[in-house]
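Hydrogens, waters and symmetry mates play no part in the numbers below; they use all other heavy atoms, side chains included. All figures in this text were calculated on a predicted structure; none of them were measured in a lab. Whatever order the structure lists them in is the order used to number ligands and atoms, beginning at 1.
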Amino acid sequence: MNHPLGFTGSTLDRADLLRLDLQRMAQMAGSAEARLLTLSGADPVLDEAGRLLWSPLREAERGSDLLFLGLEGDAPRFAPLPRLEPGQRAWSVFRLIAQMAPEEAAVWATARSLIEWHNRHGFCSNCGAGTIFFRAGWGRKCAACECEHYPRVDPVVIMLAKFGGKVLLARQPQYPAGRFSALAGFVEPGESIEEAVARELHEEAALKVSNIRYVASQPWPFPGSLMIGCIADAASDEVVLDTAELEAAIWVDRDEVRAALDGSPSAPFAAPPRFAIAHTLLLHWLDGR
Ligand SMILES: [Zn+2]
């Protein structure tokens with residue numbers, strides 16, 4: 001992949017082997033090099049250059065549930081674990097992400113996905129009893145049945161269908177005005193990535209596809225998806241749209257995609273943002289792939 005992918009490239013060493021070492025974790029939280037990610041709810045707080053803000057850990061914060069994000073060199077980096085109101089999601093966060101380098105967004109995305117997961121997993125899915133924080137934030141354990149739970153990642157396929165020098169894009173009703181993006185859907189139990197791509201294109205657009213190729217992937221922290229970018233060849237350009245999920249679809253050629261990615265006012269659609277893998281897939285397709 002010759003193009004940057006959103007939410008990737010974190011420079012932190014996740015140092016998984018330290019997560020279960022409670023003594024080492026307490027030592028690290030107490031060290032002068034320890035830093036805590038500054039958040040507003042679960043949203044990033046940025047400096048003027050669009051970089052994440054970090055602060056030294058205060059005494060009172062050292063004893064609380066801290067998410068161990070990893071090591072920057074030898075310096076431990078933590079995130080707080082705030083309570084989130086159910087359903088709380090401010091669209092304004094996308095304006096902040098647009099200012100961030102992918103590697104900075106990657107660090108925040110890790111924290112955000114973990115925070116959401118902890119907030120949604122206070123109770124054991126096995127027996128219903130309360131769960132407790134463990135593994136420095138990379139798990140929860142049931143206090144009653146001792147079942148261990150780990151942060152989940154949900155695979156989502158997102159794909160461009162190609163036909164006659166054009167690709168298919170669609171829009172959901174809640175998108176900003178003019179925005180079109182690649183079709184996407186969750187991978188279901190019992191299917192491969194390729195089968196999920198073929199099923200989603202058939203369900204959402206009545207397309208038959210072949211030659212499905214994996215292109216690249218990226219995390220998407222809303223709340224914890226892994227976006228798996230693919231390209232496929234469609235057998236025709238006849239689309240029957242699933243209007244329960246999508247309100248419009250368009251086939252666009254390379255000039256139209258180039259105009260949209262350049263932000264040209266004459267473009268027939270508004271491109272997905274730079275940090276979304278749909279944007280990267282379009283760049284990849286423009287390369288002639
Ligand atoms: Zn349990």
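- Ring to ring, W138 and Y150 are not that close: their centroids are 6.0 angstrom or more apart.
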**OP:** I would like to know whether Y214 and I231 meet side-chain contact (heavy atoms from CB on, under 4.5 Å); could you show each step before the answer?
**Re:** CA-CA 7 Å; Y214 166 80; I231 288 190; over 6 Å; no

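- For the residue pair T11/E72, the side-chain donor-acceptor check at 3.5 Å is satisfied.
- Of the inter-residue distances, the one linking R35 atom CZ with R77 atom CZ reads 7.0 Å to the nearest 0.5 angstrom.
- A cation-pi arrangement is found for R254 relative to W285, the charged atom lying closer than 6.0 Å to the ring centre and inside a 45° cone about the ring normal.
- The closest donor-acceptor contact from the side chain of R274 to the backbone of A98 lies under 3.5 Å.
- For a distance threshold of 2.8 Å, the protein N, O or S atoms nearer than that to the Zn ion (ligand 1), listed by chain and number, are C124 SG, C127 SG, C142 SG, C145 SG.
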